[in-house]
Amino acid sequence: MTPAMLEAQLERIFRSRVRMVLGGMVIKMAPTVVGTPDRLVLLPGGRTFLVELKTNKGKLSAAQREWHLRARRLGTKVVVLRGLEQIQTWVEEQHR
């Protein structure tokens, strides 16, 4: 299985869990600015996150690290989730 296929599978699982467990939405972002996280997650109660999904071995680029840092300094919730286990843990944390 190629890493691209695995990331696509993670995307489907993430989207499904956010919708079914959390009652939220996952919007795939267009890569118009280098480093921007690729998912916008909207949850009930106005909770908003920018999420970057990676495979277990996936690494952030320098541009992604810089963009995430700048967004966090502005108070934006930026989350990097690597693999299925981190997706499951994050969904459980948001469900509490």
Non-neighbouring partners of Ile13 that pass side-chain contact (heavy atoms from CB on, under 4.5 Å), sequence neighbours left out: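 Once residues adjacent in sequence are excluded, the partners of Ile13 under the side-chain contact (heavy atoms from CB on, under 4.5 Å) criterion are Arg17, Leu84.
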Quick check on the hydrophobic clustering: are [X] and [Y] connected, directly or via other members, by side-chain heavy-atom contacts under 4.5 Å?
X     : Y     : value
Leu42 : Val21 : no
Val51 : Leu60 : no
Leu10 : Val80 : no
Ile87 : Val26 : yes

Testing the basics here: between Ala63 and Val34, what is the closest heavy-atom pair and its distance to 0.1 Å? CB-CG1, 3.4 Å
Please give me the minimum heavy-atom distance between Leu43 and Gly24, naming the atom from each residue.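 Heavy atoms of Leu43 and Gly24 come nearest at CD2-CA, 4.0 Å.
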Please round to the nearest 0.5 Å and tell me the distance separating atom [atom1] of [X] and atom [atom2] of [Y].
X     : Y     : atom1 : atom2 : value
Glu7  : Gln9  : CD    : CD    : 11.0 Å
Lys28 : Leu40 : NZ    : CG    : 12.5 Å
Ile27 : Leu50 : CD1   : CG    : 10.5 Å
Leu53 : Gln86 : CG    : CD    : 10.0 Å

Greater than 12 external heavy atoms within 6.0 Å of Met25's CE: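 No, CE of Met25 has 12 or fewer neighbouring heavy atoms, counting only those of other groups under 6.0 Å.
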Give me each pair satisfying salt bridge (charged side-chain N to carboxylate O under 4.0 Å, His left out) with a member in residues 70-84, each pair once, sequence neighbours excluded.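 Listed once each, the pairs would be none.
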Among residues two or more places apart or on two chains, list those pairs meeting salt bridge (charged side-chain N to carboxylate O under 4.0 Å, His left out) that have a residue in residues 83-96.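 As it turns out, there is no salt bridge (charged side-chain N to carboxylate O under 4.0 Å, His left out) pair with a partner in residues 83-96 once direct neighbours are skipped.
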Members besides Leu69 in its Ile/Leu/Val/Met/Phe/Trp/Tyr cluster (side-chain heavy atoms under 4.5 Å): none
Could you work out the complete set of other residues in the hydrophobic cluster of Leu74, with links drawn between I, L, V, M, F, W and Y side chains under 4.5 Å apart? none
So, using side chain to side chain donor-acceptor pair (under 3.5 Å) as the criterion, who are the partners of Glu52 when residues are at least two apart? Gln64
Residues forming a side chain to side chain donor-acceptor pair (under 3.5 Å) with Glu11, sequence neighbours excluded: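 Arg15, Arg39.
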Ring pair (Phe, Tyr, Trp, His ring centres under 6.0 Å) against Trp67, all qualifying residues, sequence neighbours excluded: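 So Trp67 forms no ring pair (Phe, Tyr, Trp, His ring centres under 6.0 Å) with any residue.
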Which residue pairs pass the ring pair (Phe, Tyr, Trp, His ring centres under 6.0 Å) test when at least one of the two sits in residues 22-57, sequence neighbours left out? Phe49-Trp90
If you look only at pairs with a residue in residues 22-45, which of them pass as a ring pair (Phe, Tyr, Trp, His ring centres under 6.0 Å), with sequence neighbours excluded?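 Of all non-adjacent pairs touching residues 22-45, none passes ring pair (Phe, Tyr, Trp, His ring centres under 6.0 Å).
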Does any part of the side chain of Val41, heavy atoms only, come nearer than 4.5 Å to the side chain of Thr48, both counted from C-beta? no
Flag the pair Met29 / Pro37 as yes when at least one side-chain heavy-atom distance between them is below 4.5 Å, and no otherwise. no
